[in-house]
*Asks:* 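Take this structure, written in structure tokens, and hold onto it; I'll ask about it next.
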Amino acid sequence: MKAAVIGSGAWGTAFAKVLGDAGSEVTMWARRETVAAEIRDRHGNEGSLPGIRLSKRITATTDLAEAVDGAELIAIAVPSQTLRGNLADWAGFFPADATVASLMKGIELGTLKRMSEVIVETAGVAPERVVVVSGPNLAPEIAAEQPTATVVACTDEDRARQVQHALATPYFRPYTSDDVLGCELGGAVKNVIALAYGMASAIGLGDNTKASLITRGLAETSRLGVALGADPLTFAGLAGLGDLVASCSSRLSRNRTFGEHLGRGESLEQAQTATRQTAEGVKSCLSIRDLARAHAVEMPIVEQVEKVCHEGADPRVAVKLLMTREMKPES
Ligand SMILES: NC(=O)C1=CN([C@@H]2O[C@H](COP(=O)(O)OP(=O)(O)OC[C@H]3O[C@@H](n4cnc5c(N)ncnc54)[C@H](O)[C@@H]3O)[C@@H](O)[C@H]2O)C=CC1
Ligand SMILES: O=C(CO)COP(=O)(O)O
């Protein structure tokens with residue numbers, strides 16, 4: 001397959017490696033010429049994935065039209081909140097029948113749309129051409145070829161299978177799904193729960209607390225998903241529980257790490273200065289909270305994470321508020 005990967009950060013680069021290792025010819029698009037040149041000439045991207053060697057089947061450019069020229073698959077890994085603006089500039093260059101894969105895990109501020117919806121709306125791509133790839137996929141582990149599984153979700157089963165085959169390597173095992181909505185929500189909400197988990201770790205809370213956060217975090221994710229029409233079983237799978245456990249338990253997770261900074265008492269600005277890469281949950285906690293409210297779905301953990309991130313609330317007070325909510329049945 002001829003593929004393009006737009007975005008040369010950690011996930012774009014690891015994803016390009018998977019595609020290259022599975023046999024595709026890949027052209028990456030990078031914003032900076034230094035990054036494109038390093039990928040093209042030295043087969044690495046030290047700034048995003050130190051020590052990783054990329055296949056010679058992978059090249060890179062800063063010219064979007066060149067990157068997507070003739071591509072059968074275009075995978076996008078830019079920050080969720082920039083996607084709409086990016087596509088306004090790029091979409092005219094996409095080949096008419098290309099599959100567009102969203103690798104992003106966020107919900108757009110203001111519109112409350114998922115990334116696949118932004119792609120359909122802004123790039124004029126039919127929904128059945130959009131694939132979502134999501135699962136327990138920490139980029140540095142994948143780049144180091146540590147085995148993992150993922151989900152390729154698309155309403156068009158044949159297209160999902162094509163992408164599944166284009167991604168299969170001995171260290172990356174893709175499963176297909178038709179639940180695009182559930183996979184996207186699972187990925188976006190787990191970033192917010194990982195922020196909460198990081199805060200809990202930093203304030204010294206124990207394993208019972210952390211297990212309760214994961215379990216109740218998944219409960220509120222599923223509640224929102226079901227209200228919006230997702231398959232509840234998706235949240236028990238790789239794009240739900242799998243991704244949530246990976247991000248909460250891993251020190252590689254940028255969202256968990258960001259939460260740790262906040263839990264240590266740093267302000268949002270201090271945490272942003274200390275962490276350079278994209279932590280999607282910091283913005284998506286706002287849009288997910290608004291989406292939940294719009295559908296009358298209770299998401300108490302998301303509500304508290306938003307208060308800590310954007311209203312200066314103390315994480316210890318947030319825990320207290322969560323623990324003293326009205327008593328209710330588990331489900
Ligand atoms: N890093 C990971 O392990 C995983 C990340 N993701 C998701 O992938 C998406 C991208 O994340 P990463 O690659 O990890 O982030 P990153 O911070 O490593 O890289 C982001 C990339 O986007 C580019 N970028 C930043 N602002 C931009 C703009 N205004 N216009 C165009 N490009 C811009 C940066 O130059 C960089 O190449 C996020 O939605 C994230 O949640 C999903 C699975 C795994
Ligand atoms: O989505 C991810 C793993 O599946 C990456 O999580 P972070 O963005 O928190 O690093």
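As the structure lists them, so they are numbered: ligands from 1, and atoms in each ligand from 1.
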*Asks:* Strictly by modelled atom types, are Asn255 and Tyr197 linked by a side-chain donor-acceptor pair under 3.5 Å?
*Replies:*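 Per modelled atom types, Asn255 and Tyr197 side chains form no pair under 3.5 Å.
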
*Asks:* Under a 4.0 Å N-O cut-off, is there an ion pair linking Lys105 with Asp243?
*Replies:*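 Result for this pair is yes, salt bridge flagged.
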
*Asks:* Any non-hydrogen atom of Ala194 lying under 4.0 Å from ligand 2?
*Replies:* no

*Asks:* Show me which atoms of ligand 2 lie under 4.0 Å from any heavy atom of Asn255.
*Replies:*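 With Asn255 as reference, the close atoms of ligand 2 come out as 7 (P), 8 (O), 9 (O).
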
*Asks:* Strictly distance-based, threshold 3.5 Å: is any side-chain N or O of Glu260 a donor or acceptor partner for the main-chain N or O of Ser201?
*Replies:* no

*Asks:* Considering only heavy atoms of Lys105, which atoms of ligand 2 have at least one such atom less than 4.0 Å away?
*Replies:*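 Atoms satisfying the 4.0 Å criterion: 1 (O), 2 (C), 3 (C), 4 (O).
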
*Asks:* With heavy atoms only and a cut-off of under 4.0 Å, state how Ser247 meets ligand 2: side chain, backbone, both or neither.
*Replies:* side chain

*Asks:* Are Val125 and Leu83 linked, directly or through intermediate hydrophobic residues, by side-chain heavy-atom contacts shorter than 4.5 Å (ILVMFWY only)?
*Replies:*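 The answer is yes; both residues are in one hydrophobic cluster.
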
*Asks:* Given 3.5 Å as the limit, does a donor-acceptor pair link the side chain of Trp11 with the main chain of Ala139, or not?
*Replies:*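 Looks like no, no N/O pair under 3.5 Å.
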
*Asks:* Mind running salt bridge (Lys or Arg N to Asp or Glu O under 4.0 Å) on Glu298 and Arg223 for me, showing each step along the way?
*Replies:* CA-CA 8 Å; Glu298 274 193 287; Arg223 210 154 48 224; 5.6 Å; no

*Asks:* Tell me the protein heavy atom at minimum distance from atom 8 (O) of ligand 2, and give that distance in Å.
*Replies:*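 Of the protein heavy atoms, Arg254 NH2, 2.9 Å lies nearest.
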
*Asks:* For ligand 2, is there an N or O atom under 3.5 Å from any N or O atom of Pro136?
*Replies:* no

*Asks:* For the residue pair Thr150 / Asn137, report whether a side-chain donor-acceptor contact shorter than 3.5 Å exists.
*Replies:* yes

*Asks:* Starting from atom 2 (C) of ligand 2, locate the nearest protein heavy atom and write down its residue, its atom name and how far away it is, to 0.1 Å.
*Replies:* Lys190 NZ, 3.2 Å

*Asks:* Kindly print each ligand 1 N/O atom paired with any protein N/O atom under 3.5 angstrom away, one pair per line, or none if nothing qualifies.
*Replies:*
unit_1   : atom_1 : unit_2 : atom_2 : d
ligand 1 : 1 (N)  : Arg254 : NH2    : 3.0
ligand 1 : 3 (O)  : Asn137 : O      : 3.4
ligand 1 : 3 (O)  : Ala139 : N      : 2.7
ligand 1 : 8 (O)  : Leu103 : O      : 3.4
ligand 1 : 13 (O) : Ala10  : N      : 3.3
ligand 1 : 13 (O) : Trp11  : N      : 3.0
ligand 1 : 14 (O) : Arg254 : NH1    : 3.0
ligand 1 : 14 (O) : Arg254 : NH2    : 3.0
ligand 1 : 15 (O) : Thr278 : OG1    : 3.3
ligand 1 : 17 (O) : Thr278 : N      : 3.1
ligand 1 : 17 (O) : Thr278 : OG1    : 2.6
ligand 1 : 18 (O) : Ala10  : N      : 2.9
ligand 1 : 26 (N) : Arg31  : NH1    : 3.4
ligand 1 : 30 (N) : Asn86  : OD1    : 3.4
ligand 1 : 30 (N) : Asn86  : ND2    : 3.0
ligand 1 : 35 (O) : Arg31  : NE     : 3.2
ligand 1 : 35 (O) : Arg31  : NH2    : 3.3
ligand 1 : 37 (O) : Ser8   : N      : 3.2
ligand 1 : 37 (O) : Gly9   : N      : 3.0
ligand 1 : 39 (O) : Lys105 : N      : 3.1
ligand 1 : 39 (O) : Glu280 : OE2    : 2.5

*Asks:* For atom 4 (O) of ligand 2, what's the nearest protein heavy-atom neighbour? Residue, atom name and distance, please.
*Replies:*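 Sorting protein heavy atoms by distance from atom 4 (O) of ligand 2 puts Asp243 OD1, 2.7 Å first.
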
*Asks:* Determine, stepwise, if the pair Lys190 / Glu280 fulfils salt bridge (Lys or Arg N to Asp or Glu O under 4.0 Å).
*Replies:* CA-CA 10 Å; Lys190 73 83 193 169; Glu280 293 276 20; over 6 Å; no

*Asks:* Go through ligand 2 atom by atom and flag the ones less than 4.0 Å from a non-hydrogen atom of Gly135.
*Replies:* 4 (O)

*Asks:* For Thr176 and Gln164, which I'm curious about, is there any donor-acceptor pair between the side chains at under 3.5 Å?
*Replies:* no

*Asks:* Can you name the one residue among Arg114, Arg84, Lys113 that meets side-chain hydrogen bond (donor to acceptor under 3.5 Å, both in side chains) with Glu108?
*Replies:* Arg84

*Asks:* In ligand 2, which numbered atoms sit nearer than 4.0 Å to a non-hydrogen atom of Asn137?
*Replies:* 3 (C), 4 (O)

*Asks:* Could you tell me whether Arg254 sits above the aromatic face of Phe258, with NZ or CZ closer than 6.0 angstrom to the six-membered ring centre and within 45 degrees of the axis?
*Replies:* no

